[in-house]
Amino acid sequence: MAAKIAYDEVEVGTELPAQSFPVTRATLVQYAGASGDFNPIHWNEKFAVEVGLPDVIAHGMFTMAEAIRVVTDWVGDPGAVIDYGTRFTKPVVVPNDGTGALIEVSGKVAAKLDDGQVRVDLTATSAGQKVLGMARAVVRLA
């Protein structure tokens, strides 16, 4: 695959299409199985509350992975992501109500770099709170 977005066609301030990602308890169990992270704060409400959390929370790496999908869907090639990092600012609380939580992600080209690369800054929220801080990806465009 190759990036579908041309470097020359992108300007600083270009907004990526925003996306929303639903998260249910079933999603967390599936992710735990795939990642091997069976920490009970991600699936056991009683345990999560006992350790001071409001409820079961999504895995931080799951949240981070969902957020970068805004970039990979936009660029058309996951391999175009050269660097990606973030800080975890708030947990994504996932109630056991059949609906779960929603992670809402938007992105914007923050800088044009050398060698056909851009920096994309992401904003990820859930329940009105920012859940990732300093979420940034460097992407090589076509």
Side-chain angles (χ1 to χ4, degrees), residues 1-7 9-10 12-142:
M1 294 178 91
K4 296 177 182 177
I5 305 294
Y7 179 82
E9 296 175 6
V10 174
V12 171
T14 298
E15 293 189 18
L16 284 60
Q19 294 188 52
S20 297
F21 305 100
V23 187
T24 65
R25 295 283 178 95
T27 310
L28 299 182
V29 171
Q30 291 169 334
Y31 182 82
S35 69
D37 181 352
F38 293 100
N39 186 325
I41 64 172
H42 303 304
W43 58 269
N44 184 319
E45 184 175 339
K46 182 179 181 297
F47 183 86
V49 171
E50 284 175 356
V51 298
L53 295 168
D55 205 332
V56 165
I57 62 169
H59 303 72
M61 296 304 286
F62 171 82
T63 304
M64 187 177 177
E66 291 292 74
I68 196 64
R69 288 176 56 190
V70 167
V71 175
T72 59
D73 288 353
W74 172 69
V75 76
D77 178 12
V81 177
I82 296 168
D83 188 41
Y84 176 44
T86 190
R87 293 182 183 163
F88 303 107
T89 56
K90 298 276 185 191
V92 175
V93 178
V94 183
N96 192 19
D97 61 2
T99 302
L102 194 63
I103 302 169
E104 298 176 280
V105 184
S106 61
K108 185 184 294 189
V109 174
K112 289 186 84 167
L113 310 171
D114 295 331
D115 196 25
Q117 299 175 24
V118 297
R119 189 187 87 216
V120 176
D121 291 354
L122 296 168
T123 301
T125 62
S126 183
Q129 293 192 333
K130 193 171 179 180
V131 295
L132 298 177
M134 300 291 292
R136 295 179 171 175
V138 175
V139 183
R140 178 169 285 118
L141 300 180

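Position 1 is the first residue of the sequence; numbering continues from there.
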request  = Apply side chain to side chain contact (heavy atoms under 4.5 Å, CB included) to Val109 and Trp74, showing your working.
outcome  = CA-CA 11 Å; Val109 174; Trp74 172 69; 4.0 Å; yes

Asp121 vs Lys108, side chain to side chain contact (heavy atoms under 4.5 Å, CB included): CA-CA, chis, key distance, verdict: CA-CA 5 Å; Asp121 291 354; Lys108 185 184 294 189; 5.5 Å; no

*Check whether any side-chain heavy atom of Val56 sits under 4.5 Å from a side-chain heavy atom of Asn96, and report yes or no.*
no

So do Glu50 and Asn44 actually touch side chain to side chain, heavy atoms under 4.5 Å?
no

side-chain contact (heavy atoms from CB on, under 4.5 Å) with Lys112: of Thr14, Leu141, Val118, only one passes, and it is Val118

Exactly one candidate in Val70, Ile5, Val105 meets side-chain contact (heavy atoms from CB on, under 4.5 Å) with Leu16; the answer is Val70

Any chance you could measure [X], atom [atom1], to [Y], atom [atom2], to the nearest 0.5 Å?
| X | Y | atom1 | atom2 | answer |
| --- | --- | --- | --- | --- |
| Ile57 | Ile41 | CD1 | CD1 | 4.0 Å |
| His59 | Ser35 | NE2 | OG | 4.5 Å |
| Arg140 | Tyr7 | CZ | OH | 11.5 Å |
| Ser106 | Leu122 | OG | CG | 7.5 Å |

Closest non-hydrogen atoms of Phe38 and Gly33, given as atom of the first, atom of the second and distance, are CZ-CA, 3.6 Å

Looking only at heavy atoms, the pair that brings Thr63 and Ala58 closest together is OG1-CB, 3.9 Å

Using residues 79-94 as the side-chain source, report each donor-acceptor pair under 3.5 Å to any protein atom, sequence neighbours left out, with the distance given to one decimal.
residue : atom : partner : partner atom : Å
Tyr84   : OH   : Met64   : O            : 2.8
Thr86   : OG1  : Gly133  : O            : 3.0
Thr89   : OG1  : Lys130  : O            : 2.8
Thr89   : OG1  : Val131  : O            : 3.3
Thr89   : OG1  : Leu132  : N            : 3.4

Between the main-chain N or O of [Y] and the side-chain N or O of [X], is there a donor-acceptor pair closer than 3.5 Å?
| X | Y | answer |
| --- | --- | --- |
| His42 | Asp37 | no |
| Thr72 | Asp77 | no |
| Thr24 | Thr27 | yes |

In terms of relative ring orientation, are Tyr31 and Phe62 parallel, tilted or perpendicular, with 30° and 60° separating the classes? perpendicular

Whether the Gln19 and Asp73 side chains hold a donor-acceptor pair (N or O, under 3.5 Å, no angle test) is what I'd like checked. yes

